[in-house]
Amino acid sequence: AEIFDSRGRDYHESMLRFPDARNDEFLNIIKYADLRDGQIVCDYPSGGGYLEKYISYNIDLTLLENSKVFMQCAMENSNARRMLVENYRIPLADNSVDRFISLAGLHHIEDKIDIFSEINRCLKHGGKFALADAQEGSGTANFLNEFVHNNSDDGHEGIFLHNGTKKELESSGYIVKFMQPIAYSWKFASIADMTEYCRLIFGINRATPQNIEYGIRHYLGLDEKDGMYQMGWKLLFITAEKC
């Protein structure tokens with residue numbers, strides 16, 4: 001939360017300036033969340049509420065966030081209910097939620113079993129937890145923990161999903177229904193847009209745009225297709241059901 005409180009506005013600016021760059025990422029997590037009309041759904045950590053515009057179902061959505069800055073950003077562009085999470089204790093009743101969605105935000109939490117258990121507490125029996133984050137050893141993880149870490153005053157020391165994550169979820173009261181790395185692209189109209197987006201969203205303040213482009217090509221891959229510049233990205237997508 002402290003990291004995002006210090007640079008949350010830059011992150012939010014990147015999402016406002018390039019709102020469609022990560023369309024594939026948001027649509028994938030919606031797919032694996034298995035949403036239905038009438039469900040009670042939580043997005044955690046929700047950032048500035050960016051997932052909301054991708055949800056076409058008639059649901060009761062709550063945005064849960066650790067960062068006060070992101071919560072303020074969400075107030076500017078979201079109609080969903082918003083709640084601040086303090087000390088990773090979710091302010092919701094037991095067995096009250098149908099779906100939890102968590103996209104690329106839990107790699108800043110060291111004790112994932114604790115938060116997995118807390119989410120499980122809030123889920124109804126048979127409720128589902130859709131999680132996507134970088135996987136240890138992947139190009140995405142290495143880009144973040146090597147390139148971003150070395151080129152940002154804030155650094156980046158993500159604690160990523162790994163081979164033991166399935167057991168951590170099972171020990172927290174879930175049955176893992178789906179677990180697979182999925183590759184897709186972040187898309188931009190120009191390389192300049194791509195490097196600017198990465199500069200803002202990751203707090204890269206020690207590298208030139210040319211250096212950022214090199215880092216993208218080296219760790220992630222960069223293609224031009226259908227008039228768009230496509231930056232490779234891969235996350236491990238998981239759907240887990242409460243026992």
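Numbering of residues begins at 1 and proceeds along the displayed sequence.
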Here the gap from Y57 atom OH to L35 atom CG, rounded to the nearest 0.5 Å, amounts to 6.5 Å
Discussion item. Between F100 and M83, is there shared hydrophobic-cluster membership here, with clusters defined by ILVMFWY side-chain heavy atoms closer than 4.5 Å?
Written reply: yes
Check: Any donor and acceptor pair, going by atom type alone, linking the side chain of S46 with main-chain N or O of G49 inside 3.5 Å?
Finding: no
Handout entry: R206 vs D153, salt bridge (Lys or Arg N to Asp or Glu O under 4.0 Å): CA-CA, chis, key distance, verdict
Key = CA-CA 7 Å; R206 297 179 181 173; D153 286 346; 2.9 Å; yes
Taken to the nearest 0.5 Å, the spacing of F116 CZ from L169 CG works out to 4.5 Å
The residue among L92, D98, D60 that forms side-chain contact (heavy atoms from CB on, under 4.5 Å) with C42 is L92
Candidate pair E170 and K167, rule salt bridge (Lys or Arg N to Asp or Glu O under 4.0 Å), full reasoning:
CA-CA 5 Å; E170 290 170 343; K167 288 185 177 180; over 6 Å; no
hydrophobic_cluster_shared for L27 and V41, side chain cutoff 4.5 Å: yes
| query | Taking T239 for the side chain and A130 for the main chain, is one N or O donor matched with an acceptor at less than 3.5 Å? | reply | no
| request: Examine L106 and V176 and state if one hydrophobic cluster contains both, with Ile, Leu, Val, Met, Phe, Trp and Tyr joined whenever side-chain heavy atoms are less than 4.5 Å apart. | output: yes
| query | Does I204 offer a backbone N or O that forms a donor-acceptor pair with the side chain of N151 under 3.5 Å? | reply | no
Neighbour count above 12 (heavy atom, 6.0 Å) for D37 CG:
yes
With a 4.5 Å heavy-atom cut-off, do Y229 and W186 have their side chains touching? no
Applying side-chain hydrogen bond (donor to acceptor under 3.5 Å, both in side chains), run through N23 and Y54 and close with a yes or a no. CA-CA 8 Å; N23 282 354; Y54 296 92; 2.5 Å; yes
Value for CD (E118) from CG (L123), rounded to nearest 0.5 Å, stands at 10.5 Å
Looking at F237 versus F178, is the centre-to-centre ring distance below 6.0 Å?
no
For E196 and F18, run side chain to side chain contact (heavy atoms under 4.5 Å, CB included): C-alpha distance rounded to whole Å, both residues' side-chain angles, the deciding distance at 0.1 Å, then the answer. CA-CA 10 Å; E196 177 65 0; F18 309 103; 4.3 Å; yes
Between the side chain of N145 and the main-chain N/O of G158, is any donor-acceptor distance below 3.5 Å? yes
Check: H125 side chain, C243 main-chain N or O, donor-acceptor pair, under 3.5 Å:
yes
Task: Distance-only polar pair, side chains of Y88 and D111, donor-acceptor under 3.5 Å - done: no
Q | Charged N-O contact under 4.0 Å between R9 and E13 | A | no
Expected output: side-chain Q39 to main-chain R36 donor-acceptor under 3.5 Å = yes
**Prompt:** Does a sphere of radius 6.0 Å around OH in Y214 hold more than 12 heavy atoms from other residues, nucleotides or ligands, not counting ones at 6.0 Å or beyond?
**Reply:** no
Tell me if the CD atom of E86 is crowded by more than 12 foreign heavy atoms within 6.0 Å.
no
Minimum side-chain heavy-atom gap L235-I182 below 4.5 Å: no
Q | Expected output: side-chain S78 to main-chain A80 donor-acceptor under 3.5 Å | A | yes
Only residue of L63, T62, L61, L64 satisfying side-chain contact (heavy atoms from CB on, under 4.5 Å) with R82 is L63
>> Any heavy-atom pair between the side chains of F202 and F147 that's under 4.5 Å?
In response: no
Would you indicate whether the side-chain heavy atoms of P45 and S102 approach each other to under 4.5 Å? yes
Should E52 and N79 be marked as a side chain to side chain contact (heavy atoms under 4.5 Å, CB included) after you check the CA-CA gap, both sets of side-chain angles, and the distance that decides it? CA-CA 9 Å; E52 183 178 359; N79 295 315; 4.0 Å; yes
CG of L51 to CD1 of I55, rounded to nearest 0.5 Å, is 4.5 Å
Q. Do R217 and E213 touch side chain to side chain, with heavy atoms closer than 4.5 Å?
A. yes
In terms of heavy-atom contacts, T195 and P209 come closest through CG2-O, 3.4 Å
Would you mind reporting whether I191 and L222 have side-chain heavy atoms less than 4.5 Å apart? yes
(Q) Between R99 (side chain only) and D34 (backbone N and O only), is there a donor and an acceptor less than 3.5 Å apart? (A) yes
Plane angle bin for F70 and Y50 - parallel if under 30°, tilted between 30 and 60°, otherwise perpendicular:
perpendicular
Checklist line | Stepwise side chain to side chain contact (heavy atoms under 4.5 Å, CB included) check, K128 with Y174 | finding: CA-CA 9 Å; K128 293 181 180 178; Y174 300 91; over 6 Å; no
Q) Do K234 and Q135 come close enough that some side-chain heavy atom pair is under 4.5 Å? A) no
Residues C122 and I90: closest non-hydrogen pair is SG-CG2, 3.9 Å
When every non-hydrogen atom of G47 is compared with those of A74, the smallest separation belongs to O-CB, 4.2 Å
- prompt: Taking NZ, NE, NH1 and NH2 as the nitrogens, is one of them in D20 or K53 under 4.0 Å from a carboxylate oxygen of the other?
  reply: yes
One should read off an interatomic distance between Q230 CD and K187 NZ, to the nearest 0.5 angstrom, of 4.5 Å
Check your understanding: Do E146 and Y219 meet the criterion of a side-chain donor-acceptor pair at a distance under 3.5 Å?
Key -> yes
When every non-hydrogen atom of G173 is compared with those of N120, the smallest separation belongs to O-ND2, 3.0 Å
Please evaluate residues K112 and D133 with respect to the criterion salt bridge (Lys or Arg N to Asp or Glu O under 4.0 Å), reporting the C-alpha separation (whole Å), side-chain torsions for both, the decisive distance (0.1 Å), and the verdict.
CA-CA 12 Å; K112 290 186 178 54; D133 215 317; over 6 Å; no
NZ (K166) and CG (L161) are apart, to the nearest 0.5 Å, by 14.5 Å
Side chain of E65, backbone of L84: donor and acceptor closer than 3.5 Å? no
Discussion item. Let me check something: do I113 and F129 share a hydrophobic cluster, defined by ILVMFWY side-chain heavy atoms less than 4.5 Å apart, either directly or through other members?
Written reply: no
Check: Okay, side chain of H156, backbone of H149: is any donor-acceptor separation there less than 3.5 Å?
Finding: no
Scanning both residues in full, the closest heavy-atom pair of A93 with R121 reads C-NH1, 3.7 Å
- Can you find a heavy atom in the side chain of L200 that is under 4.5 Å from one in the side chain of R17? yes
Looking only at heavy atoms, the pair that brings C198 and I212 closest together is CB-CG2, 4.1 Å
Answer with yes or no whether the hydrophobic clustering places I30 together with L103; edges join I, L, V, M, F, W, Y residues whose side-chain heavy atoms lie under 4.5 Å apart.
yes
